[in-house]
Amino acid sequence: MTTFMDVHHDMKGITAEQLSAAHRADLAIEAEEGVRFERAWADPDAGVVYCLSEAPSADAVKRVHERTGHPAAEIHPVPLSV
């Protein structure tokens, strides 16, 4: 499994409740794609949301987000962390 950080744009004004609902939607179907979403962060003023996951591929992450209605603009592998 690879760790991925994905980025969503155009989410200006997102609330904690909306972020939590989007994350729960991802969690509800993540196993169907072999993904495990760990955490999500948001900057409501900038309209940017970040999600951290472990997945077999970036395409698997992409499919989950597309199915739940909030496609990721960017998906980056994270090969190194401390």
Side-chain angles (χ1 to χ4, degrees):
M1 294 283 269
T2 301
T3 300
F4 292 95
M5 177 69 71
D6 62 74
V7 184
H8 305 258
H9 298 284
D10 300 324
M11 299 188 86
K12 198 171 203 101
I14 190 169
T15 65
E17 184 176 296
Q18 291 168 322
L19 179 63
S20 181
H23 186 64
R24 284 192 311 272
D26 292 334
L27 295 176
I29 65 167
E30 67 182 5
E32 295 172 21
E33 296 288 350
V35 177
R36 186 174 69 84
F37 285 97
E38 296 181 16
R39 190 150 193 181
W41 299 266
D43 180 341
D45 293 334
V48 180
V49 170
Y50 306 91
C51 300
L52 185 67
S53 63
E54 285 188 342
S57 67
D59 284 339
V61 175
K62 179 180 178 181
R63 285 190 298 270
V64 172
H65 282 316
E66 286 176 347
R67 290 174 58 196
T68 56
H70 45 273
E74 305 167 38
I75 302 173
H76 304 278
V78 182
L80 181 63
S81 66
V82 293

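Residues: numbered from 1 along the sequence shown.
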key: Residues Glu32, Arg63: salt bridge by 4.0 Å N-O rule   = no
Residues that His23 engages under ring-ring contact (aromatic ring centres under 6.0 Å, His included), provided they are two or more places apart = none
query = Which pairs count as salt bridge (Lys or Arg N to Asp or Glu O under 4.0 Å) when at least one residue sits in residues 12-25, sequence neighbours excluded?
reply = none
query = Does Pro71 offer a backbone N or O that forms a donor-acceptor pair with the side chain of His8 under 3.5 Å?
reply = yes
key: Pairs where residues 68-82 contributes a residue and the test salt bridge (Lys or Arg N to Asp or Glu O under 4.0 Å) is met, not counting sequence neighbours   = none
request  = Provide the full list of salt bridge (Lys or Arg N to Asp or Glu O under 4.0 Å) pairs with a residue in residues 43-58, sequence neighbours left out, each pair given once.
outcome  = Arg36-Glu54
request  = State, yes or no, whether a side-chain contact exists between Leu19 and Trp41 at a heavy-atom distance under 4.5 Å.
outcome  = no
Verify same cluster id: Met11, Val7 (apolar side-chain graph, 4.5 Å) = no
remark   = Separation between NE2 (His65) and SG (Cys51), nearest 0.5 Å, reads 4.0 Å
ask   = Do His9 and Val49 come within less than 4.5 Å of each other through their side chains, counting heavy atoms only?
value = no
message = Let me confirm one number: the OG-CE distance from Ser81 to Met5, rounded to the nearest 0.5 Å.
response = 10.0 Å
Spacing of CG belonging to Leu52 relative to CZ belonging to Arg39, to within rounding of 0.5 Å = 9.5 Å
Under 4.5 Å side-chain linkage, directly or through intermediates, the cluster mates of Val61 = Phe4, Leu27, Ile29, Val35, Phe37, Val64, Ile75
request  = With rounding to the nearest 0.5 Å, note down the distance linking CZ in Arg67 to CD in Glu30.
outcome  = 11.5 Å
ask   = Rounded to the nearest 0.5 Å, how far apart are NE2 of His76 and OG1 of Thr3?
value = 14.5 Å
task = State, yes or no, whether a side-chain contact exists between Pro56 and Met1 at a heavy-atom distance under 4.5 Å.
result = yes
message = I'd like to know if the side chain of Gln18 reaches the main chain of Thr15, judged simply by a donor and an acceptor atom lying under 3.5 Å from each other, with no hydrogens or angles considered.
response = yes
task = Quick one: name the residues clustered hydrophobically with Leu80, using the 4.5 Å side-chain heavy-atom rule over I, L, V, M, F, W, Y, and just say none if it's on its own.
result = none
